[in-house]
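Everything numeric here is computed off the predicted structure, so don't read it as measured data. Side-chain atoms are counted along with the backbone in the values below, which use heavy atoms only and exclude waters and symmetry mates. All chains are named by letter (A, B, ...) in the order of the sequence lines, taking the proteins before the strands, and each is independently numbered beginning at 1.
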Number of protein chains: 2
Amino acid sequence: MQVKIKDVAKMAGVSVTTVSRVLNGEKYVKDDLKAKVNRVIEELGYAPSQIARSLVRKKTNLIGVIVPDLTSSFYSTILSSIEERASANEYHLLVCNISEDIDKEYKYLNVFQEMRVEGIIIMHEKINEQIRAFIHKINTPVIFSSVKPMDQKFISVIVDDYAASYDATRYLIEQGHETIGFIGGDMRDVTSGQNRYSGYRNAMSDFGKKLVFEHIRFGDYKVQSGYDQMKEMLSAGSPPSAVFAVSDDMAVGAINCIRDHNLRVPEDIAIIGFDGSQLTELVRPTLTSMEQPIHQMGRVTMDVLLKLIAGDTPPDGDVVLEHRLVVRESSRSQERQADEIKGLEQE
Amino acid sequence: MQVKIKDVAKMAGVSVTTVSRVLNGEKYVKDDLKAKVNRVIEELGYAPSQIARSLVRKKTNLIGVIVPDLTSSFYSTILSSIEERASANEYHLLVCNISEDIDKEYKYLNVFQEMRVEGIIIMHEKINEQIRAFIHKINTPVIFSSVKPMDQKFISVIVDDYAASYDATRYLIEQGHETIGFIGGDMRDVTSGQNRYSGYRNAMSDFGKKLVFEHIRFGDYKVQSGYDQMKEMLSAGSPPSAVFAVSDDMAVGAINCIRDHNLRVPEDIAIIGFDGSQLTELVRPTLTSMEQPIHQMGRVTMDVLLKLIAGDTPPDGDVVLEHRLVVRESSRSQERQADEIKGLEQE
DNA sequence: CTGAAAGCGCTTACAG
DNA sequence: CTGAAAGCGCTTACAG
């Protein structure tokens, strides 16, 4: 049996009101009473029930988070930043890991509502009609992180995926590549599927490079699919001299595949990934990546959500963060490396 | 203003008791009333408050989880398995990411108590006196996953770290290695620090191999420390022919370092890691690892905790899961590979 | 500065 | 089969 405020009051010889006041640090409690109450609290190991408190205050300090895949380094890193900001603001996270299971998501959104979470963070964009309707119905603030669903009414914290993808492709073109392959994502995803594909496509056409059907493939963002799609590309003959994969994981898969075919990265085929995950520095060759500011993304997501909860005027539309190309070994051409060395020697 | 049970009752023209009965699927409600109540619930978008329900039922369906580092693939994988089992049993996770911040942990344990979580899962073993006392004081079941703190009274779900480490070392010895380096963990950690070191040490001495001071180093389980410790080992001269690192991350760091020194893995130095993380299959050469059954560990942790919550007789002591050596390229000797090929050809 | 009472939104005996 | 009432453990006007 948990000790409750009544027990504390009785033992301290005061009213529950007074104990409550001490608990909440209110003024207007005589010092000796306060001291006595605190002593009893300590002695009894009393911890006030947030459940009861939430009920009367109509405030739970809970945030619901829906993660598509906890085992992914990208999402778990965002989550860790979200958690950091949340706990710094006395908010706690209720986390749901839906692995492709859309039913689980709907179930959890209901749980979130029943738990009276004060805000909801969603990190994937495969929103069906049922879920869309649900989100519109409830009056709990909802924010999307790293993704943007079709529905314009939802607010997202994202990078400009189109521009990022365009820039990554342009970089490869500027490096002198004529044929550039593409390993895209799920075309049902607006953000990471469609937008990134459009960026690639338009950069190619703006610079007069032709699209080769066999060099354009789509995976599921994971390592294995990068490997598989690269394999298909290679087996089609006359591979491109560079490949842009829209996730670091797929890029790593592609690198592994290329090397298993006794080709070299970047000498035979240069590779760029997307995300800026921990993998980039850890694989060999190190991976060039169009990086998203992952930690910032988590922090900003939480900060904006906190504002929405507080009822502050929400940002006008989405919050778009800066993307940044970080060049590493997987795309550094030999000539360029030689140039750099020469440059150094001359100084 | 959230709609509440009273609103539903009023609109349906019944008592709140009846609505409550419909909500909880009780029998003894006439079909027409039940239908009407359900229609009103639907119409109003009513979702019962778990807060109020928890208060009267004295049951929150909440589990508190303390993770040392969410961005680590090892912990986030365990967490995802825990989440899977929890949600399958109608339990929800309150997660706290303490990154080395012991104060944050204590704070969160208090939050867990105030939230009246029904069970607590802890995934690290740096328990100080304050935390130890706290855990003993509260009557909420606590379970440790993948680690075992000094205190014998706590129950853990783990592998036999000593034996696993002994076996990994013995494997290298059986491969013909005479000098085997070791990159250990934090010696303040019983499980992953002390036990793994003892396993290595005893295997070496049991097989008459001598310990070389310069070949024994300690890191913090992360990639960078594996790199750094390997570098120290190499710069000491006369490196070992094999190195056992007690985390896959450190093993990958070690491999990268070795290759940056223009040495080959496994030809010049063989490497074994520990954990069985996603990295093992993803790096090149692929990484031999003494694997923990990560997913099973998460599932069993949750299952045992559920039993503790239900008041079933707890397992007698710790739950020890099987470790398993998975041999990959980073430790496969050339001769052996040749043998295998020959073996295949003969068939 | 202190306390009695009402109320947060539910569930659960109890009575009918 | 249905409902009025008490109670879960707190906080918060209100009165003194």
Side-chain angles (χ1 to χ4, degrees), chain A residues 1-38 40-41 44-62 110-111 113-118 138-140, chain B residues 1-38 40-41 44-62 90 110-111 113-118 139-140:
Chain A
M1 199 57 193
Q2 285 271 8
V3 13
K4 43 199 171 188
I5 199 172
K6 209 173 164 185
D7 303 322
V8 176
K10 196 171 297 175
M11 180 163 287
V14 298
S15 70
V16 295
T17 310
T18 297
V19 177
S20 175
R21 282 203 256 263
V22 172
L23 245 29
N24 296 296
E26 274 178 46
K27 310 176 185 305
Y28 309 130
V29 181
K30 251 193 204 155
D31 283 349
D32 60 330
L33 274 195
K34 190 186 290 184
K36 191 192 288 177
V37 169
N38 277 324
V40 174
I41 286 174
L44 260 41
Y46 171 68
S49 163
Q50 284 298 339
I51 303 299
R53 187 175 277 175
S54 293
L55 185 61
V56 21
R57 287 201 184 148
K58 294 171 177 307
K59 179 155 179 42
T60 57
N61 283 49
L62 248 29
N110 276 287
V111 169
Q113 195 195 182
E114 295 187 348
M115 296 287 283
R116 302 295 189 254
V117 300
E118 296 182 35
I138 60 176
N139 49 3
T140 312
Chain B
M1 199 57 193
Q2 286 269 7
V3 14
K4 43 199 172 188
I5 198 170
K6 210 173 165 185
D7 303 321
V8 176
K10 198 171 296 174
M11 179 163 287
V14 297
S15 71
V16 296
T17 310
T18 297
V19 177
S20 175
R21 282 201 257 261
V22 172
L23 245 30
N24 296 295
E26 273 179 46
K27 312 178 184 305
Y28 310 131
V29 181
K30 253 192 201 154
D31 283 348
D32 59 331
L33 274 195
K34 189 186 291 184
K36 189 191 292 178
V37 169
N38 278 324
V40 174
I41 287 174
L44 261 41
Y46 170 67
S49 162
Q50 283 299 337
I51 304 296
R53 188 175 274 175
S54 292
L55 185 61
V56 20
R57 286 200 185 148
K58 294 171 178 307
K59 177 155 180 43
T60 58
N61 283 48
L62 249 28
E90 312 283 289
N110 276 286
V111 169
Q113 196 196 183
E114 295 187 348
M115 296 287 284
R116 303 293 190 257
V117 301
E118 297 182 36
N139 48 3
T140 311

Worksheet item: Does the side-chain contact (heavy atoms from CB on, under 4.5 Å) test come out yes or no for A:T60 and B:Q50, once each step is laid out?
Response: CA-CA 11 Å; A:T60 57; B:Q50 283 299 337; over 6 Å; no
Nearest whole Å is fine: how far is [N] [atom2] from [X] [atom1]?
X      : N      : atom1 : atom2 : answer
A:R53  : D:dT11 : CZ    : C1'   : 9 Å
B:D7   : C:dG9  : CG    : C1'   : 10 Å
A:K36  : C:dT2  : NZ    : C1'   : 13 Å
A:Q50  : D:dT11 : CD    : P     : 9 Å
B:I5   : D:dA4  : CD1   : P     : 13 Å
A:L44  : D:dG9  : CG    : P     : 14 Å
B:K6   : D:dA5  : NZ    : C1'   : 14 Å
B:R116 : D:dG9  : CZ    : C1'   : 9 Å

Just to confirm, is there a sub-4.0 Å distance from OP1 or OP2 of [N] to any side-chain nitrogen or oxygen of [X]?
X     : N      : value
A:S49 : D:dC10 : no
A:K58 : C:dG9  : yes
B:R57 : C:dT12 : yes
B:T18 : D:dG3  : yes

Fill in: Any side-chain heavy-atom pair of A:L62 and B:M115 under 4.5 Å
yes
Worksheet item: Given A:S15 and A:T18, is the side-chain contact (heavy atoms from CB on, under 4.5 Å) satisfied, shown in steps?
Response: CA-CA 5 Å; A:S15 70; A:T18 297; 3.3 Å; yes
Selected nucleotide, minimal atom distance to [X] side chain, candidates [options]:
X     : options               : answer
B:K30 : C:dA4, C:dG9, D:dC1   : D:dC1
A:N24 : D:dT11, C:dC10, D:dG3 : D:dT11
A:V14 : C:dG3, D:dG9, C:dT11  : C:dG3
A:S15 : C:dA4, C:dC10, D:dT11 : C:dA4

Expected list for residues 6-13 of chain B: side-chain donor-acceptor pairs under 3.5 angstrom, two or more places apart:
from	atom 1	to	atom 2	distance (Å)
B:D7	OD2	B:K4	N	2.8

Item to complete: Given side-chain contact (heavy atoms from CB on, under 4.5 Å), test B:Q113 with B:N110 step by step and report yes or no.
Response: CA-CA 5 Å; B:Q113 196 196 183; B:N110 276 286; 4.3 Å; yes
Worksheet item: Could you give the distance from NZ (B:K58) to CZ (B:R116), rounded to the nearest 0.5 Å?
Response: 9.0 Å
Worksheet item: Under a 3.5 Å cut-off for both distances, is D:dG3 Watson-Crick or wobble paired, and to whom?
Response: C:dC14
Item to complete: Describe the nucleic acid contact of A:I51 in one word from base, sugar-phosphate, nothing, applying a heavy-atom distance below 4.0 Å.
Response: nothing
Find every protein N or O atom lying less than 3.5 Å from an N or O atom of nucleotides 13-16 of chain C, and list the pairs.
none

Discussion item. Using modelled atom types and a 3.5 Å cut-off, is there a donor and acceptor pairing between side-chain atoms of B:T140 and backbone atoms of B:E118?
Written reply: no
Worksheet item: DNA chain D: B:L55 or B:V29, which has the more 5' nearest nucleotide?
Response: B:V29
Discussion item. Return whichever of B:V56 or B:D32 has its heavy-atom-nearest nucleotide of DNA chain D closer to the 5' end.
Written reply: B:D32
Worksheet entry | Residue of the set B:L33, B:V40, B:V29 for which side chain to side chain contact (heavy atoms under 4.5 Å, CB included) holds with B:V22 | B:V29
